[in-house]
Chemist: 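I have a structure here, written as structure tokens, and I will follow up with some questions on it.
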Amino acid sequence: DRDTDKKRIEELLEENMVLEIAQKQSMNESAHLGWELEQLSKSTDLADTRKSFVFELNECASSRILKLEKDNQSLQSTIQELRDASLTSRESSLKFVELEKENQQLSKKIEKLQNQIEKEKQSNQDLEALSEELIKDKEQLQVVMETLKADKDRQIKDLKQENEHL
């Protein structure tokens, strides 16, 4: 009986050591997952900052486009006024050519700004998608951490119960 008891005690001690090692590994994994969550949180903050920057760029570009469109309208009305005023044909045509050139330049600027806004919008959409993916990853990691914590708590409870029986 004593030999059987000694063997059983040795087995329990060995099992206890294995459970302690598993507990330490679980705690290390939990700490690592916590660190990863913190990094994801920082990444999300960076994405939010980038979003606001992109939004400001879009707003700035939109206001520049509006200004250029107003300038364009002003030039169009000036062209019409010159036509209506019936200046001498030479003066009128020179002014008209000059205004047409300026109008073309403004139209090109508007087109460039509209292209830039489209690129920024696409970039913003990409950032939003990435942010959503990061949030999903964070949620998955939280579930894994909760599962690991529950497993660790159960193992600790089991160890305590076994130690009480000894």
Side-chain angles (χ1 to χ4, degrees), residues 1-75 102-166:
D1 284 343
R2 285 184 183 175
D3 287 342
T4 306
D5 287 344
K6 278 186 180 181
K7 284 183 181 179
R8 181 67 182 141
I9 289 172
E10 287 176 10
E11 288 174 2
L12 287 173
L13 286 173
E14 195 173 306
E15 191 175 323
N16 193 13
M17 287 175 55
V18 168
L19 288 172
E20 284 179 7
I21 290 170
Q23 179 185 4
K24 286 180 183 178
Q25 287 176 342
S26 175
M27 291 174 77
N28 285 341
E29 288 175 8
S30 294
H32 181 70
L33 288 172
W35 178 82
E36 285 182 3
L37 279 174
E38 186 177 314
Q39 297 306 311
L40 280 174
S41 175
K42 288 179 183 176
S43 297
T44 303
D45 292 344
L46 182 62
D48 290 344
T49 302
R50 168 101 176 154
K51 276 186 193 178
S52 67
F53 178 71
V54 168
F55 179 76
E56 286 180 31
L57 281 177
N58 286 342
E59 289 295 314
C60 182
S62 296
S63 67
R64 281 195 278 170
I65 285 176
L66 286 174
K67 183 180 182 293
L68 290 173
E69 286 176 346
K70 285 181 182 178
D71 289 347
N72 191 9
Q73 289 174 355
S74 172
L75 288 173
E102 197 171 333
N103 190 20
Q104 287 175 355
Q105 290 173 346
L106 288 173
S107 295
K108 287 179 184 178
K109 284 182 182 179
I110 288 172
E111 188 177 330
K112 284 181 184 177
L113 287 172
Q114 286 173 334
N115 288 337
Q116 183 181 357
I117 284 176
E118 287 303 315
K119 288 178 184 176
E120 291 295 330
K121 284 180 182 177
Q122 183 61 44
S123 175
N124 196 17
Q125 289 173 350
D126 293 345
L127 285 172
E128 286 177 17
L130 177 63
S131 177
E132 288 174 11
E133 287 178 23
L134 288 172
I135 289 170
K136 286 179 184 175
D137 288 348
K138 180 181 176 183
E139 290 171 354
Q140 288 175 349
L141 284 172
Q142 286 175 331
V143 168
V144 168
M145 275 186 52
E146 289 172 8
T147 303
L148 286 172
K149 186 173 188 267
D151 287 346
K152 178 190 66 144
D153 291 342
R154 184 187 45 77
Q155 289 174 354
I156 289 172
K157 183 180 175 184
D158 291 347
L159 279 173
K160 285 180 181 179
Q161 287 177 352
E162 285 183 21
N163 282 337
E164 287 174 6
H165 290 320
L166 292 178

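In this text, all values refer to a predicted model and were calculated from it rather than measured experimentally.
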Chemist: Would you give the length of the straight line joining atom NZ of Lys138 to atom CD of Glu38, rounded to the nearest 0.5 angstrom?
Modeler: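 With rounding to 0.5 Å, NZ (Lys138) is 10.5 Å from CD (Glu38).
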Chemist: Let me confirm one number: the CG-CD distance from Leu159 to Glu20, rounded to the nearest 0.5 Å.
Modeler: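 CD of Glu20 is found 7.0 Å from CG of Leu159.
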Chemist: Under the criterion side chain to side chain contact (heavy atoms under 4.5 Å, CB included), I'd like the reasoning laid out for Glu162 against Asn16: C-alpha separation, chi angles, the key distance, then a yes or no.
Modeler: CA-CA 9 Å; Glu162 285 183 21; Asn16 193 13; over 6 Å; no
Chemist: What I want to find out is whether Glu11 reaches Arg8 closely enough, with some N-O distance under 4.0 Å, to be called a salt bridge.
Modeler: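 Arg8 and Glu11: salt-bridged.
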Chemist: Is a donor on one side and an acceptor on the other found under 3.5 Å between the side chain of Ser26 and the backbone of Ala22?
Modeler: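 Pair absent, no side-chain N/O of Ser26 close to backbone of Ala22.
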Chemist: Under 4.5 Å between any side-chain heavy atoms of Lys121 and Glu118, yes or no?
Modeler: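 Yes; the side chains approach each other to less than 4.5 Å.
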Chemist: More than 12 foreign heavy atoms under 6.0 Å from CD of Glu111: is that the case here?
Modeler: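 No - once you tally the heavy atoms of other residues, nucleotides and ligands closer than 6.0 Å, there are 12 at most.
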Chemist: Taking the side chain as every heavy atom from C-beta outward, state whether Glu139 and Val143 have any atom pair closer than 4.5 Å.
Modeler: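 Of all side-chain heavy-atom pairs linking Val143 with Glu139, none is under 4.5 Å.
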Chemist: In Å, rounded to the nearest 0.5 Å, how long is the span from OG1 of Thr4 to CD1 of Ile9?
Modeler: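 Answer for the OG1-CD1 pair, Thr4 versus Ile9, is 11.0 Å.
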Chemist: With rounding to the nearest 0.5 Å, note down the distance linking CD in Gln155 to CG in Leu148.
Modeler: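 Output value for this atom pair is 9.5 Å.
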Chemist: As a quick check of understanding, evaluate side chain to side chain contact (heavy atoms under 4.5 Å, CB included) for Gln23 and Met27, giving each step before the final call.
Modeler: CA-CA 6 Å; Gln23 179 185 4; Met27 291 174 77; 4.0 Å; yes
Chemist: To the nearest 0.5 Å, how far apart are CG in Asp5 and CZ in Arg2?
Modeler: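 Spacing of CG (Asp5) from CZ (Arg2) equals 9.5 Å.
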Chemist: Let me see the working for Arg154 and Asp158 under salt bridge (charged side-chain N to carboxylate O under 4.0 Å, His left out), right down to the final yes or no.
Modeler: CA-CA 6 Å; Arg154 184 187 45 77; Asp158 291 347; 3.5 Å; yes
Chemist: Test Lys136 against Glu133 for salt bridge (charged side-chain N to carboxylate O under 4.0 Å, His left out), laying out the working first.
Modeler: CA-CA 5 Å; Lys136 286 179 184 175; Glu133 287 178 23; over 6 Å; no
Chemist: Got a donor-acceptor contact below 3.5 angstrom from the Ser123 side chain to the Lys119 backbone?
Modeler: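 No; zero donor-acceptor contacts below 3.5 Å.
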Chemist: Starting at NZ of Lys108, measure out to CG of Leu113 and round the result to the nearest 0.5 Å.
Modeler: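 CG of Leu113 is found 14.5 Å from NZ of Lys108.
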Chemist: Under a 3.5 Å cutoff, is there a donor and acceptor pairing between the side chains of Gln122 and Asp126?
Modeler: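 Indeed, the side chains of Gln122 and Asp126 share at least one donor-acceptor pair under 3.5 Å.
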Chemist: Is there a side chain to side chain contact (heavy atoms under 4.5 Å, CB included) between Met17 and Leu13 once you walk through the steps?
Modeler: CA-CA 6 Å; Met17 287 175 55; Leu13 286 173; 5.7 Å; no
Chemist: With sequence neighbours excluded, give me every ring pair (Phe, Tyr, Trp, His ring centres under 6.0 Å) pair touching residues 14-39.
Modeler: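 Residue pairs passing ring pair (Phe, Tyr, Trp, His ring centres under 6.0 Å), neighbours aside: His32-Trp35.
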Chemist: Please walk me through it: do Leu33 and Glu36 pass side chain to side chain contact (heavy atoms under 4.5 Å, CB included)?
Modeler: CA-CA 5 Å; Leu33 288 172; Glu36 285 182 3; 3.9 Å; yes
